[in-house]
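Input: a single structure, listed below in structure tokens.
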Amino acid sequence: MNNKFYITTPIYYVNDKPHIGHAYTTILADVLARYHKTAGDEVFFLTGLDEHGQKVQQAAQKRGLSAQAHCDDLAPRFIQLWEKLEIKYDDFIRTTQERHIKVVQAVLQKVYESGDIYLHEYEGWYSVAEERFITETEKESGAFRDVKPLKERNWFFKMSKYQQTLIDYINDNPSFIQPVHRRNEILGFLKQPLGDLCISRPKARMDWGIELPFDKEYVTYVWFDALINYITAPGYLSDDEKFKKWWPADVHLLGKDILTTHSVYWTTMLFSLALPLPKTIFAHGWWLIGETKMSKSLGNVVNPLDLVDQYGVDAVRYYLMREMVLGQDANFTLESFIKRYNSDLANDFGNLLNRVSGLVGKYFEGVVAEEGQVNEPELAIQKQAGALDAKVRQLVDELRINEAIEETLQLVRAANKYLEYQAPWKVAKESLPQAGTILYTAMEALRISAVLLAPVMPAKTATVLDVLGATDSAPRWGELKSGTKLKTHDALFPRLEVKE
RNA sequence: CGCGGGAUAGAGCAGCCAGGUAGCUCGUCAGGCUCAUAACCUGAAGGUCAACGGUUCAAAUCCGUUUCCCGCAACCA
């Protein structure tokens, strides 16, 4: 069952500080990477920064810095945020790194030599204010001032050449673009004739980029540069063995805003290079913030990242993963955060730990009893817990993280219910061994839940497993050792009180 | 008629592909328990499954029309 799993986030554009969108994608990738590691897969998790292009140059100018200095200043902010969010990537790529520049130039040369790049005089509407070409539709929208027709010689990539190949590929590989409605969008988009892609920018206009190897007057268009990061990192043209091992990527995770670039630009580039396409491109939705119905009593927290300091990284990771449905958008409100925190983490998960550790402390001097004689109710819990690992794994494979979490919480709820019915605090007065069996069963359910929630909440689940003396245990029934002395602990997720 | 997605209890979602008592979480109300973080457990109320029409013994589910919401419409990372 040991497969390789190569997952990527987009490399983030450093024209601004990291925000919730960056954080969400990266946490999601981290959670998927951790689930796959737990399942025994060999994992390569790549993230990084996209540092070239006009917007970066402008942002740098505005701050009175050189473009590189600007990037060097922003990069640590991303890296530090990832540390704070418990993100464990395997490689962090920056497009200004030598290793990347080399590969981009080699790719350009290769594609150029294959005849897929040509020089062409482009004429279009140029927005002086925006310093870029705009489309006909944009021009008609009237949102751009100082629009004038402009002619410019540029290098173009023959994207149109691969249009039919791409359409066929998407049709033959249903899981290539997900979710399904995004796939349909792309197929719809491809019904119209595909133009070629302008991949150069004249240095006279914009020089912060990778110089074209075959024309020193131009730098590479930032997307053509950026997308190549996915093959630079696993060793394309630098480490054949490594590259062979990891490519193609299993999942490119991205926001819905950059689906076209990935599913059209990137794939046609790969066709031109004769490289296999990534197995899945998954476009997730956005977090909508600022729903004005936010309750006044809850204060005015707007940035979810601020919640990390206040409520802990695990709670925030849990919330983001649990609340976002598949490829849809989700609303962020402090109210829903607190609800989710209290109902799932404090009342169900954290409280279950308190219940069992309290009872074990009271009746067994804090020592885990023998599992002993099991009956129907115990077997029911065992069955549910035993099936959970496979179920969660399948949901994770389908990228349905929120459902995987919900499925795990069902076991936590079942364990709480089981305790209620079996009432070990009563049974202990008549039969201590039987009470021990009940507590063992509940603790096993808790332990397995913790193991399966570990990718989402690495820190808090580590605490639970530490209390149970079961660090590094597998989500299989029976790994909790009787005779273990439970460690003392504080409330895992203290309930949040909401002032009226 | 540019292409596509959606409309299911107060809220957020599942169910639709392979028609057959409408389900989950939160919230509300009542009760229980008292080991626990005023928690946990049980029960109840609450839905003409957007509207209209069609197919069928049977439609949230398949087909058509209408209304409303949303996404995409490329060189903007």
Side-chain angles (χ1 to χ4, degrees), chain A residues 10-15 50-56 95 122 124 127 130-138 144 154 156-157 159 179-192 194-199 201 221-227 254-262 264-265 283 285-286 293 322-323 325-331 333 335-336 339-340 342-363 402-403 406 409-410 413 415-421 423-426 428 435 438-439 442 490-497:
Chain A
I11 49 175
Y12 304 114
Y13 205 55
V14 292
N15 61 343
D50 181 8
E51 305 189 334
H52 291 127
Q54 182 163 283
K55 292 240 166 131
V56 171
T95 54
Y122 178 77
S127 163
E130 287 281 308
E131 292 187 47
R132 65 173 179 94
F133 284 97
I134 57 173
T135 65
E136 194 68 27
T137 325
E138 281 177 325
F144 296 85
N154 266 307
F156 284 78
F157 167 59
M159 198 156 70
V180 177
H181 68 273
R182 298 287 168 204
R183 176 173 177 268
N184 291 340
E185 269 178 24
I186 294 298
L187 281 172
F189 173 69
L190 288 170
K191 275 178 190 162
Q192 288 162 359
L194 197 58
D196 288 338
L197 184 68
C198 176
I199 57 154
R201 292 292 181 270
Y221 168 52
V222 69
W223 267 115
F224 197 92
D225 160 359
L227 290 163
L254 36 112
K256 60 183 184 180
D257 49 330
I258 52 175
L259 179 62
T260 307
T261 48
H262 282 77
V264 180
Y265 300 0
W286 283 344
K293 68 176 177 181
R322 176 61 188 81
E323 206 71 10
V325 176
L326 208 47
Q328 299 179 27
D329 288 346
N331 276 302
T333 63
E335 195 180 0
S336 71
K339 261 184 194 169
R340 192 54 83 179
N342 277 340
S343 67
D344 291 4
L345 299 180
N347 298 351
D348 289 345
F349 189 64
N351 187 42
L352 177 61
L353 173 65
N354 256 31
R355 297 180 84 180
V356 293
S357 70
L359 288 161
V360 169
K362 191 165 179 179
Y363 296 105
N402 62 320
E403 289 178 54
E406 177 56 26
L409 258 288
Q410 289 297 349
R413 294 192 192 102
N416 272 318
K417 190 180 295 191
Y418 167 79
L419 279 180
E420 188 69 25
Y421 280 110
W425 50 93
K426 280 183 189 162
I438 295 164
L439 289 173
D490 297 324
L492 204 57
F493 293 101
R495 205 179 143 75
L496 304 176
E497 296 305 331

Review point. Taking only N and O in the side chain of A/R201, is any of them less than 4.0 Å away from OP1 or OP2 of B/C76?
Key: yes

Review point. Counting just side-chain N and O atoms, does A/N347 come under 4.0 Å of either OP1 or OP2 of B/U37?
Key: no

Exercise for review: Would you mind telling me which of B/U37, B/G27, B/C33 lies closest to the side-chain atoms of A/K339?
Suggested key: B/G27

Practice item. Counting heavy atoms from C-beta on, name the nucleotide in B/G4, B/C33, B/U42 closest to the side chain of A/Y421. Key: B/U42

Point to revise | Gap in Å between the two C1' atoms, one belonging to B/G6 and one to B/G15, rounded | key: 15 Å

Revision key, fill the gap. Side-chain contact check for A/L197: nearest option of B/C75, B/G71, B/U37 is B/C75

Review point. Under a 3.5 Å cut-off for both distances, is B/U21 Watson-Crick or wobble paired, and to whom?
Key: none

Check your understanding: Atom CD1 of A/I186 and atom C1' of B/G5: how far apart are they, to the nearest Å?
Key -> 14 Å

Exercise for review: Determine whether any donor atom in the side chain of A/E420 lies under 3.5 Å from an acceptor atom in the base of B/G32, or the reverse, and answer yes or no.
Suggested key: yes

Check your understanding: Paired with B/G43: which nucleotide, if any, by Watson-Crick or G-U wobble criteria at under 3.5 Å for both distances?
Key -> B/C29

Practice item. Give A/L353 one of three labels, base, sugar-phosphate or nothing, depending on what nucleic acid heavy atoms sit under 4.0 Å from its own. Key: nothing

Revision key, fill the gap. Smallest heavy-atom separation, A/H52 atom then A/V222 atom, equals O-CG2, 3.3 Å

Exercise for review: Only counting residues at least two apart or in another chain, list the ones meeting salt bridge (charged side-chain N to carboxylate O under 4.0 Å, His left out) with A/R413.
Suggested key: A/D344, A/D348, A/E406

Point to revise | Proximal nucleotide (of B/G4, B/C75, B/C40) relative to the A/N351 side chain | key: B/C40

Review point. What nucleotide, of B/C40, B/C76, B/C24, holds the atom closest to the side chain of A/Q410?
Key: B/C24

Review point. Looking at the side chain of A/R495, which of B/A74, B/U37, B/C76 is the nearest nucleotide?
Key: B/U37

**Study point:** Exam field: side chain A/N351 to backbone A/A346, donor-acceptor pair closer than 3.5 Å
**Key:** no

**Study point:** Gap between atoms CG and P, on A/L190 and B/C72 respectively (whole Å)
**Key:** 16 Å

Practice item. Could you give the distance separating B/G31 and B/A14 at their C1' atoms, to the nearest angstrom? Key: 29 Å

Review point. Does A/D196 reach the main-chain N or O of A/M159 with its side chain, forming a donor-acceptor pair under 3.5 Å?
Key: yes

Exercise for review: For nucleotides B/U66 and B/A9, find the distance between their P atoms and express it as a whole number of Å.
Suggested key: 25 Å

Check your understanding: Looking only at heavy atoms, what is the nearest atom pair of A/T261 and A/L227, with distance?
Key -> O-CD1, 3.8 Å

Review point. Using atom C1' of each nucleotide, how far apart are B/A38 and B/G4 to the nearest Å?
Key: 49 Å

**Study point:** From B/C35, B/A74, B/G5, nucleotide with atom closest to A/N184 side chain
**Key:** B/G5

Exercise for review: Please determine, for the side chain of A/W425, which listed nucleotide (B/C35, B/C41, B/U37) has the closest atom?
Suggested key: B/C35

**Study point:** Interatomic distance, A/I258 CD1 vs B/A73 P [rounded to whole Å]
**Key:** 13 Å

Exercise for review: Locate the shortest heavy-atom distance separating A/F349 from A/F493; write the atom from each residue and the value.
Suggested key: CD2-CE1, 4.1 Å

Practice item. May I have the distance from A/R182 (atom CZ) to B/G4 (atom P), rounded to whole angstrom? Key: 15 Å

Check your understanding: Using a cut-off of 4.0 Å on non-hydrogen atoms, how would the nucleic acid contact of A/L492 be classed: base, sugar-phosphate, or nothing?
Key -> base

Practice item. State which of B/C33, B/C75, B/G71 makes the closest approach to the side chain of A/E185. Key: B/G71

Review point. What distance, rounded to whole Å, do you find between the two C1' atoms, one in B/C16 and one in B/G5?
Key: 14 Å

